[in-house]
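Scroll down for the structure; my scribbles are underneath it.
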Amino acid sequence: MNRQIHGAVSSSSKPISSKTQRPLSDSNSANGASGSVTRVYTRKKRLKQEASEPLEINPGKGVNTHKQLRGLPDIEDFAYKKTIGSPSSRRSTETSITVTSVKTAGNPPENWVKVLEGIRQMRSSEDAPVDSMGCDKAGSFLPPTERRFAVLLGALLSSQTKDQVNNAAIHRLHQNSLLTPEAVDKADESTIRELIYPVGFYTRKATYMKKIARICLVKYNGDIPSSLDDLLSLPGIGPKMAHLILHIAWNDVQGICVDTHVHRICNRLGWVSRPGTKQKTTSPEETRVALQQWLPKEEWVAINPLLVGFGQTICTPLRPRCEACSVTKLCPAAFKETSSPSSKLKKSNRSKEP
DNA sequence: GTCCGGAACT
DNA sequence: AGTTCAGGAC
């Protein structure tokens, strides 16, 4: 039924089931960091200057990354934190911009429309956790700037976390007026950590939240970045979340939000492969680039919730329920991963699969 | 490749 | 008890 952006939504591949919360144990309410809120950021990895070509992404919207970050107090190091735009992501972005004229850079797999329709049908008859929502609904009641910040936080917190837990955490932050960069910047990290618990990796995420809040304040005037590269430069925000945030917060589709489900399913369907080969792609990023080569842009946003839900209910990572799938006739991997007990032995035997 | 912090499988 | 899963940092 409804398929919203899915959001960072339950990235949980686990079949539904509930049971998460657990009382906040005092060992988690560590206060060791409360005094270190303004700690000095350690110098991070150097930007891997592939400085040759000028990067032009999202013209008109983006802020020019490196230069503007240089010389800013405190957050300076973040400018160099990540490799901004690997060669592949660069290419993909360019592709996305020209997609209307090129339409499809690569050859679409046969029957992809039928497969997609089949999956849509299956999805409409089964409920998947992904339907319950994630960061796309975060802060929908807030004014735009605050809503965007809430979306960003929702995306950050949602990974490895059930929607319900994530939503509850966002709710607690809101109750404590901690959904603005100003407030988060002022709050103790330990306070934030306790409020967001038990989202996955809450300690790291509390740290990221503090850093992100400061960056938003200093560099983006209290808003969140609006370009892909600037989002990627935030700690804790990688390709998956960056594209998701762009979609939801800015309604800007620069790329496909590829998570582990999309990655796995596209490979099973034979929709993507390593460039120039027939081998499976080895990372979600590689999958994203390959998928963007041929999938019409109109499908870029919908593909994520669609495949995530499908991956949670039928095309599961382990023992996919091929018997319940309506597109097995079009799937090269159908019935080939019927995990049998001794998965160990099995795995080594089938190192390579069609 | 390991870590993070835990849930949910086998 | 051991393994798998998941996004990102390092």
Side-chain angles (χ1 to χ4, degrees), chain A residues 6-25 27-30 33 41-48 77-78 80-84 86 89 129-130 134-135 152-166 168-169 189 193-194 196-212 231-245 256-265 282-288 304 307-308 311-313 315-321 337-348:
Chain A
H6 121 282
V9 170
S10 82
S11 346
S12 62
S13 61
K14 280 76 185 198
I16 319 90
S17 151
S18 61
K19 135 64 158 253
T20 318
Q21 302 276 44
R22 155 191 121 188
L24 181 57
S25 76
S27 63
N28 290 301
S29 46
Y41 301 121
T42 56
R43 191 156 293 275
K44 301 287 182 79
K45 248 191 259 176
R46 231 6 110 95
L47 174 68
K48 297 189 180 150
D77 292 325
F78 284 96
Y80 304 100
K81 185 170 143 299
K82 295 179 184 176
T83 304
I84 294 184
S86 64
S89 69
V130 69
C135 75
L152 196 164
L153 292 189
L156 175 69
L157 298 185
S158 69
S159 66
Q160 286 80 41
T161 305
K162 289 188 167 60
D163 294 349
Q164 206 177 334
V165 174
N166 184 39
E189 188 170 320
R193 184 169 54 233
E194 288 168 31
I196 65 177
Y197 182 90
V199 303
F201 308 145
Y202 51 87
T203 302
R204 284 187 194 285
K205 286 174 180 176
T207 305
Y208 295 153
M209 275 181 63
K210 292 286 298 178
K211 295 181 175 177
I212 287 174
L231 284 168
L232 286 172
S233 76
L234 301 176
I237 303 299
K240 188 214 164 188
M241 294 312 176
H243 284 291
L244 182 69
I245 293 164
I256 298 172
C257 176
V258 173
D259 62 17
T260 181
H261 300 283
V262 176
H263 174 57
R264 175 182 71 254
I265 294 168
T282 57
S283 70
E285 268 298 272
E286 204 175 15
T287 297
R288 183 179 62 76
N304 179 287
L307 295 192
V308 171
Q312 288 170 331
T313 55
C315 200
T316 50
L318 192 56
R319 277 180 292 124
R321 300 169 51 210
E337 291 184 41
T338 48
S339 102
S340 69
S342 49
S343 55
K344 278 258 161 97
L345 198 64
K346 241 193 142 224
K347 238 173 199 166
S348 53

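Sequence lines set the chain letters: A, B, ... in the order given, protein chains first and strands last, and positions in each chain run from 1. Only heavy atoms go into these numbers, but all of them, side chains included; no hydrogens, no water, no symmetry mates.
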Legend entry - Any A:Tyr208 side-chain N or O less than 4.0 Å from OP1/OP2 of C:dA9: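 Negative; the distance criterion is not met.
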Legend entry - Short side-chain N/O contact from A:Lys205 to OP1 or OP2 of C:dA9, under 4.0 Å: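 No, because none of the side-chain N or O atoms of A:Lys205 sits under 4.0 Å from OP1 or OP2 of C:dA9.
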In whole angstroms, how far is the [atom2] atom of [N] from the [atom1] atom of [X]?
{"X": "A:Ile196", "N": "B:dG6", "atom1": "CD1", "atom2": "P", "value": "12 Å"}
{"X": "A:Leu231", "N": "C:dG8", "atom1": "CG", "atom2": "C1'", "value": "15 Å"}
{"X": "A:Leu232", "N": "C:dC10", "atom1": "CG", "atom2": "C1'", "value": "16 Å"}
{"X": "A:Asn166", "N": "B:dG6", "atom1": "CG", "atom2": "P", "value": "16 Å"}
{"X": "A:Ile245", "N": "C:dG8", "atom1": "CD1", "atom2": "C1'", "value": "12 Å"}
{"X": "A:Gln160", "N": "C:dA9", "atom1": "CD", "atom2": "P", "value": "12 Å"}
{"X": "A:Arg264", "N": "C:dT4", "atom1": "CZ", "atom2": "P", "value": "15 Å"}
{"X": "A:Phe201", "N": "B:dA7", "atom1": "CZ", "atom2": "P", "value": "12 Å"}

From the options [options], select the nucleotide whose nearest atom is closest to the side chain of [X].
{"X": "A:Arg204", "options": "C:dC5, B:dA7, B:dC3", "value": "B:dC3"}
{"X": "A:Lys162", "options": "B:dA8, C:dG7, C:dC5", "value": "B:dA8"}
{"X": "A:Tyr197", "options": "B:dG6, C:dC5, C:dG7", "value": "B:dG6"}

Legend entry - Listed partners of A:Thr282 passing side chain to side chain donor-acceptor pair (under 3.5 Å), at least two apart: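 Once residues adjacent in sequence are excluded, the partners of A:Thr282 under the side chain to side chain donor-acceptor pair (under 3.5 Å) criterion are A:Glu286.
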Legend entry - Backbone N/O of A:Ala155 and side chain of A:Ser159: donor-acceptor pair under 3.5 Å: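 Answer holds: no.
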Legend entry - Euclidean distance, A:Gln312 CD relative to A:Thr316 OG1, rounded to 0.5 Å: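 Rounded to the nearest 0.5 Å, the OG1-CD separation comes out at 10.5 Å.
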Legend entry - Separation of A:Leu232 CG from A:Met241 CE (nearest 0.5 Å):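 A:Met241 CE to A:Leu232 CG: 12.5 Å, rounded to 0.5 Å.
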Inset, instruction - Report yes if the side chains of A:Leu307 and A:Asp259 come closer than 4.5 Å at any heavy-atom pair, otherwise no. - result: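 Not touching, per the 4.5 Å side-chain cut-off.
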Inset, instruction - Using a 4.0 Å heavy-atom cut-off across all strands, classify A:Pro239 as base, sugar-phosphate, or nothing. - result: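 The answer is sugar-phosphate, as A:Pro239 gets under 4.0 Å only of primed atoms, P, OP1 or OP2.
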